[in-house]
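Working notes, beginning with the structure itself.
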Amino acid sequence: MKIKAPAPEVAADELVLEGLAVGPGIAIGPLHLHESGAVNVPEYRLPPNRVEPERQRFATAVEVALTQVGRLQAKARTLPPAASEELGYLLEAYHQMLKGSRLVRGVDKRIAERRINAEAAVQQEIQDIARSFEAMDDAYLAARLTDIREVGQRLVRNLTQTPYRPFSVLPKGSVLIAEEMSPADTALLDPRIVAGFATVLGGAESHTAIMARSLNLPAVIGVAGLIQGVTPGAVVIVDGSAGRVVVNPTESTLADYRLKRADFLRGRRALSRLRRLPAVTLDGARITLQANVELPQEVGPVLQSGAEGIGLLRSEFMFMNRPALPDEDEQFAMLRGLVERMDGQVVTIRTLDAGGDKLPEAGGGVGSTSPLGLRAIRLSLSRPDLLDNQLGAILRAGALGPVRILLPMVTTCEELREVREAMGRVTRRLKRRGAEIGAEPPPLGVMIEVPGAALAADALAWHADFFAIGTNDLTQYTLAIDRADEAVAHLYNPLHPAVLRLIQFATEAALRARIPVSLCGEMAGDPRFTALLLGLGIRDLSMSATNVPRVKQRIRSLDLVAATRRARVIMDQSDSARIAQLLDDFNADETGGRAGR
Ligand code: PEP
Ligand code: MG
């Protein structure tokens with residue numbers, strides 16, 4: 001009998017790609033290509049006073065699309081030459097079209113003259129262009145029509161903020177592969193259905209990455225060549241700890257990764273046993289660990305993590321994936337559930353931080369896509385309706401449990417004063433209405449996340465009830481590095497002496513003014529940085545619930561006096577590489593190399 005030799009493994013089929021490790025863990029499953037699908041849009045007529053805002057909303061959608069295409073162009077340049085050239089031509093055509101084509105001009109004109117919503121105007125304009133091209137019966141034009149449709153769909157998606165596909169219909173255990181996932185798209189992922197995801201675009205500290213961590217999803221982003229290399233249904237591995245994606249893995253690679261996954265899950269289970277132990281250093285300093293929350297469904301994991309309250313509730317979730325702004329009652333209903341479930345533990349509610357890479361369209365398109373634009377507290381102050389509704393909901397939630405109000409992207413004491421005034425106005429209105437609010441006004445704190453705010457921290461500390469240092473934006477703005485752009489991700493470094501000096505200055509200003517100061521950027525959740533942050537005087541850290549046990553483990557192995565001494569040495573340095581070395585050596589001596597992501 002002839003024995004059939006086992007088929008040799010075809011190594012060429014296996015495609016290994018590298019990207020940024022943003023959500024630890026390993027996902028293995030069938031690949032689902034999260035591609036652009038047509039979006040059905042309603043058509044409605046606008047009252048005359050809505051026409052100008054609608055044109056502006058369309059202009060914002062075009063601006064967002066230009067940014068998206070620009071980032072795809074940068075990514076395409078990193079591909080092998082043939083792919084780079086091919087994709088480059090296509091993206092250049094999209095770019096030109098968005099810069100000013102019949103499509104863009106035609107849509108704007110339709111909104112102005114026919115007074116219809118922007119989404120419907122895009123679809124009608126595309127149909128018109130299609131009809132005129134078809135009449136010419138030209139193969140070249142027929143091909144251009146596909147490009148026009150692609151650009152049109154991108155605009156409609158930006159306008160409606162529609163995720164590319166409903167994720168709930170995916171087969172269980174799917175691994176999502178996409179060009180880009182917005183934070184709002186990511187918020188719709190159900191970890192019981194989606195095993196993990198990988199994207200071409202995005203930076204490690206982007207809100208999409210933060211959302212992936214909070215959902216406990218293995219994720220790799222910034223993976224060049226990802227879309228070109230894959231076919232739907234193929235087996236794919238996303239190694240969110242190492243920043244690797246393997247498409248069509250061989251049997252031996254698969255076996256290897258199954259072992260790694262089992263190891264990872266075992267480690268996580270072991271850490272969860274720390275839940276009931278206090279976060280106390282070897283020399284007896286008690287540290288407060290709180291949780292950052294992006295979505296209400298995280299409250300369960302927060303309670304299980306051993307976190308002592310919510311140090312940062314990103315309220316953007318209340319504004320995501322919905323056509324209109326939520327009113328005060330809707331916001332109150334959402335906050336009420338959260339505050340009640342936290343059962344007496346403090347909930348720090350940050351007012352809407354729209355703009356930049358998250359929710360640029362919140363507030364009906366008035367938010368800015370620019371990280372330096374009309375966003376966060378600036379947007380809220382420019383829209384008293386928006387601010388008052390949010391403050392009203394928070395003040396009412398204050399009757400149900402301890403809450404604090406946190407303002408994003410504050411740069412001046414004047415902003416804080418304006419919000420206090422608004423709180424007074426809203427309190428009076430609520431009392432007139434007979435609404436129940438807390439006995440005392442909630443403490444009002446500021447994010448220290450703009451270099452100017454950090455440098456003026458001594459003045460801000462006189463006006464604020466507490467500080468929360470946001471190192472994600474503080475690093476972005478201090479080093480002028482877009483946190484959502486994978487092309488500059490290698491330059492994003494919170495250990496830069498400039499960032500550390502700002503953290504130190506703000507912390508000392510808060511301690512001098514005797515107001516609480518916490519740190520809630522992604523640094524807080526990485527045990528590599530714990531010794532340095534405590535050494536700088538921080539005693540409150542807020543992080544994704546998943547990271548609480550790891551940071552607690554580090555704290556329990558840490559000698560605070562030694563950490564403070566090492567922080568002093570570090571603060572005398574001017575070179576980030578030397579700082580990293582001094583920190584890593586200290587961690588290695590204390591933990592035998594276990595600290596770090
Ligand atoms: C920060 O900037 O560090 C922060 C915590 O806020 P966000 O990540 O939501 O911008
Ligand atoms: Mg921020």
Side-chain angles (χ1 to χ4, degrees), residues 22-23 182-184 186-187 202-215 289-295 298 310-320 348-360 362 367-373 375-380 404-411 415 445-454 457 466-485 489 492-496 499-500 502-503 506-507 517-526 529 533 538 540-545 547 551:
V22 299
S182 71
T186 315
E205 313 302 324
S206 64
H207 289 95
T208 298
I210 291 172
M211 193 72 87
R213 286 192 278 277
S214 70
L215 290 170
L289 300 184
Q290 293 186 313
N292 291 354
V293 166
E294 333 300 312
L295 298 166
E298 283 177 73
I310 295 177
L312 169 62
L313 174 67
R314 291 182 167 102
S315 66
E316 291 76 61
F317 75 89
M318 299 199 279
F319 297 76
M320 277 174 183
T348 309
I349 305 166
R350 189 172 68 185
T351 58
L352 179 64
D353 189 17
D357 70 323
K358 54 185 164 181
L359 286 178
S368 171
T369 53
S370 156
L372 305 179
R375 52 167 306 193
I377 193 61
R378 303 167 184 180
L379 174 62
S380 297
R404 305 195 298 173
I405 302 178
L406 178 58
L407 307 176
M409 231 187 140
V410 164
T411 49
E415 287 163 334
V446 293
M447 294 285 300
I448 300 290
E449 54 183 347
V450 176
F466 66 96
F467 278 177
I469 304 179
T471 45
N472 305 337
D473 278 320
L474 193 58
T475 308
Q476 153 167 275
Y477 293 124
T478 305
L479 304 182
I481 287 161
D482 185 343
R483 60 192 267 198
D485 185 349
Y492 186 97
N493 182 8
L495 289 183
H496 190 293
V499 179
L500 296 181
L502 292 173
I503 296 175
T507 305
V517 52
S518 68
L519 191 139
C520 61
E522 291 303 287
M523 265 184 117
D526 187 340
F529 300 121
L533 298 177
I538 303 272
D540 295 359
L541 296 165
S542 189
M543 63 203 73
S544 157
N547 289 332
V551 172

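When a ligand or atom number is given, it counts from 1 through the structure's own listing order.
- Judged by distance alone, with hydrogens and angles left aside, the side-chain atoms of Asp473 form no donor-acceptor pair with the main-chain N or O of Met409 at under 3.5 Å.
- Atoms of ligand 1 found under 4.0 Å from any heavy atom of Ile210, numbered from 1 in the order shown, are 8 (O).
- To the nearest 0.5 Å, atoms CG (Leu502) and OG1 (Thr471) are separated by 11.5 Å.
- Between Thr348 and Phe466 there is a side-chain heavy-atom pair separated by less than 4.5 Å.
- For the pair Glu205/Ile210, no side-chain contact is recorded, criterion being any heavy-atom separation below 4.5 Å from C-beta on.
- Against a heavy-atom cut-off of under 4.0 Å, Leu312 is close to the following atoms of ligand 1: 5 (C).
- Proximity to Met447 (heavy-atom distance under 4.0 Å) selects the following atoms of ligand 1: 4 (C), 5 (C), 6 (O).
- To the nearest 0.5 angstrom, Ser518 atom OG is 7.5 Å from Ile538 atom CD1.
- Within the 4.0 Å heavy-atom criterion, the part of Thr471 lying near ligand 1 is the backbone and not the side chain.
- Annotation: the span from Arg378 atom CZ to Leu372 atom CG amounts to 7.5 Å, rounded to 0.5 Å.
- Among all non-hydrogen protein atoms, the one lying nearest atom 6 (O) of ligand 1 is Arg350 NH1, 2.9 Å.
- The atoms of ligand 1 that sit less than 4.0 Å from any heavy atom of Arg483 are 2 (O), 7 (P), 8 (O), 10 (O).
- Here the rule is side-chain contact (heavy atoms from CB on, under 4.5 Å) with Met523, and of Thr475, Asn472, Ile503 only Ile503 fits it.
- Within a radius of less than 2.8 Å around the Mg ion (ligand 2), the protein N, O or S atoms are Glu449 OE1, Asp473 OD2.
- With Ile377 as reference, Leu407 is the one residue of Leu407, Thr411, Leu352 to meet the side-chain contact (heavy atoms from CB on, under 4.5 Å) rule.
- Scanning all protein heavy atoms for the shortest distance to atom 7 (P) of ligand 1 gives His207 NE2, 3.3 Å.
- Distance check, rounded to the nearest 0.5 Å: CD1 of Ile405 to CG of Leu313 gives 12.0 Å.
- Within the set Gln476, Met523, Glu449, Met543, the minimum heavy-atom distance to atom 2 (O) of ligand 1 is found for Glu449.
- For the residue pair Asn292 and Ser542, the shortest heavy atom distance occurs at OD1-OG, 2.6 Å.
- The residue Glu205 has no part lying near ligand 1, judged by heavy-atom distances below 4.0 Å.
- Residues that satisfy the side-chain contact (heavy atoms from CB on, under 4.5 Å) test with Thr208, not counting sequence neighbours, are Met181, Pro183, Thr186, Phe197, Ser206.
- The contact set between ligand 1 and Arg314, taken as ligand atoms under 4.0 Å from a residue heavy atom, comprises 4 (C), 5 (C), 6 (O), 7 (P), 8 (O), 9 (O).
- Near Asp473, with a cut-off below 4.0 Å to any heavy atom, the atoms of ligand 1 are 1 (C), 2 (O), 3 (O), 10 (O).
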